[in-house]
Amino acid sequence: EVRTEHPARAGRGLVEVRAQHAAQSGWLATGDQGSLDDHGGLWLTGRKRAPQIQDAEAVEAAAVELGARSAGLTLVPQLNGPPERVLAIVSDPSRAWNAEGPPAVDRVVRLQSLPLDTRHGSRVDRAALARRLRPDFAARIRVYLAERFPLPANITLIVSYFAANAMLAHAVVYPGPIAPSLRWVAGALALLAMFFVLRVVDEHRDREIDLKTHPDRALSRGLVDLSEIRRLGWLAVGAQVLLSAWLGIAALIACLAILAYDWLMAREFFAPGWLRRHMLLGTVLQMLVMTAFGLFGVSGIKDTHGVHAS
């Protein structure tokens with residue numbers, strides 16, 4: 001219970017309240033419950049005998065009401081279905097709870113602090129709050145991959161594509177029995193990473209269009225961010241470079257050439273407006289990368305004498 005030395009003391013237009021946790025002789029019992037933060041600020045959580053919301057732990061109804069008035073509801077993207085309406089309130093981080101709020105609220109969470117906008121530092125940054133309340137990263141990425149880069153289908157397609165080019169290289173350059181090796185596995189994994197980088201490039205290039213035409217996608221509705229997809233793309237770039245270097249100089253050169261072409265596609269060949277007016281030519285330029293992928297498959301094959309296919 002909050003007890004004060006005097007109910008209120010005016011000073012320069014502000015009301016200052018001194019509070020103590022323990023009862024002391026001569027102090028006034030306010031009937032309010034609260035706590036002091038690390039900076040000496042007093043946080044009121046409700047009345048001593050106020051109604052409580054029961055869940056994992058008793059929660060003061062006043063805290064929920066205060067949060068609803070100050071922060072409001074935040075729409076948090078979910079793995080499937082519509083966004084969840086979440087009420088976030090500031091609380092003691094040592095107490096973890098999750099209570100059901102009014103019928104219009106799907107979830108009430110208690111946080112150590114609310115993210116504030118960087119410009120004023122006084123308003124809740126709802127975008128940052130929604131990101132903090134999203135499901136864990138692994139679950140969100142699984143939804144994104146299933147939607148935009150389904151691994152079973154892509155692995156089947158890419159392994160078949162690489163194997164076809166590898167067999168073609170053997171038939172033309174190395175007549176004789178075909179013996180798949182670990183090099184085939186490394187080449188297929190590098191090609192898988194190349195296809196994923198192409199997906200990341202497309203996500204950045206078509207971002208504004210997808211927001212309008214595909215608002216239900218994981219990226220458009222905020223379940224994942226471009227920055228998260230971009231970090232995965234950089235991991236894929238590192239993987240394909242390392243695997244290509246292991247395959248040999250010919251594969252590494254082909255890999256670097258493909259990355260350079262990816263960069264040009266990301267910049268829309270420095271003529272985005274012109275390419276949009278000539279969509280057929282733009283499509284042809286994008287499809288040329290498939291030829292480069294085929295050449296990579298050929299360059300990654302090496303015979304027993306250390307001679308590279310070209």
Side-chain angles (χ1 to χ4, degrees), residues 73-86 106 115 117-118 124-158 161 191-240 258-293:
L73 299 180
T74 299
L75 297 179
V76 181
Q78 299 301 296
L79 300 180
N80 296 290
E84 189 178 42
R85 295 162 296 182
V86 178
D106 295 315
D117 67 285
T118 56
V124 176
D125 188 335
R126 297 200 177 280
L129 181 59
R131 289 193 296 269
R132 183 185 296 186
L133 298 174
R134 291 180 303 186
D136 65 271
F137 176 76
R140 293 187 288 111
I141 289 300
R142 283 197 298 269
V143 171
Y144 169 78
L145 291 177
E147 177 184 276
R148 302 295 287 149
F149 196 77
L151 289 177
N154 277 280
I155 289 175
T156 302
L157 172 65
I158 292 166
Y161 184 79
L191 195 58
L192 179 67
M194 292 176 184
F195 271 88
F196 182 73
V197 170
L198 194 60
R199 163 53 50 208
V200 175
V201 168
D202 287 341
E203 297 289 15
H204 283 74
R205 186 185 56 213
D206 301 334
R207 171 65 169 164
E208 297 302 322
I209 297 175
D210 288 344
L211 284 173
K212 298 177 182 179
T213 58
H214 302 287
D216 56 333
R217 287 180 177 173
L219 187 59
S220 298
R221 57 192 176 94
L223 183 63
V224 293
D225 301 329
L226 271 179
S227 59
E228 294 173 323
I229 303 303
R230 186 162 53 248
R231 285 195 292 270
L232 291 179
W234 281 115
L235 289 176
V237 167
Q240 71 186 65
I258 290 171
L259 287 175
Y261 201 80
D262 288 341
W263 180 76
L264 287 175
M265 286 195 296
R267 298 296 184 273
E268 296 187 84
F269 300 93
F270 298 97
W274 188 84
L275 286 177
R276 288 168 188 167
R277 292 192 300 270
H278 302 79
M279 295 184 62
L280 180 59
L281 179 59
T283 302
V284 171
L285 289 175
Q286 293 180 36
M287 292 304 296
L288 286 177
V289 74
M290 299 301 296
T291 302
F293 288 161

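Atoms considered below: every heavy atom in the structure, side chains included; atoms not considered: hydrogens, waters and symmetry mates.
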### Query
Which pair of heavy atoms, one from Tyr261 and one from Leu285, lies closest together, and at what distance?
OH-O, 2.5 Å

### Query
Can you name the closest pair of heavy atoms from Phe196 and Ala236 and give their distance?
CD2-CB, 3.9 Å

### Query
What's the verdict on ring-ring contact (aromatic ring centres under 6.0 Å, His included) for Phe293 and Phe195, showing C-alpha distance, side-chain angles and the deciding distance?
CA-CA 9 Å; Phe293 288 161; Phe195 271 88; 4.6 Å; yes

### Query
Does Glu203 use its side chain to pair, donor to acceptor, with the backbone of Ile229 at less than 3.5 Å?
no

### Task
Start with the C-alpha distance between Asn154 and Phe149, add both sets of side-chain angles, then the distance that settles side-chain contact (heavy atoms from CB on, under 4.5 Å), and finish with yes or no.
CA-CA 7 Å; Asn154 277 280; Phe149 196 77; 3.5 Å; yes

### Task
Tell me, with the steps shown, if Val224 and Arg148 meet side-chain contact (heavy atoms from CB on, under 4.5 Å).
CA-CA 12 Å; Val224 293; Arg148 302 295 287 149; over 6 Å; no

### Query
Can Trp263 and Phe270 be said to form a ring-ring contact (aromatic ring centres under 6.0 Å, His included), step by step?
CA-CA 10 Å; Trp263 180 76; Phe270 298 97; 5.5 Å; yes

### Message
Using every non-hydrogen atom in the two residues, find where Asp136 and Ala139 come nearest and quote the distance to one decimal.
### Response
OD2-N, 3.0 Å

### Task
State, yes or no, whether a side-chain contact exists between Arg207 and Leu219 at a heavy-atom distance under 4.5 Å.
yes

#### Entry: Minimal non-hydrogen separation, Arg221 against Gln78, with atom names
NH1-O, 2.6 Å

#### Entry: Pairing of Arg131 and Glu228 as salt bridge, 4.0 angstrom limit
no

### Message
Tell me whether Arg199 contacts the main-chain N or O of Leu145 through its side chain, where contact means a donor paired with an acceptor under 3.5 Å.
### Response
no

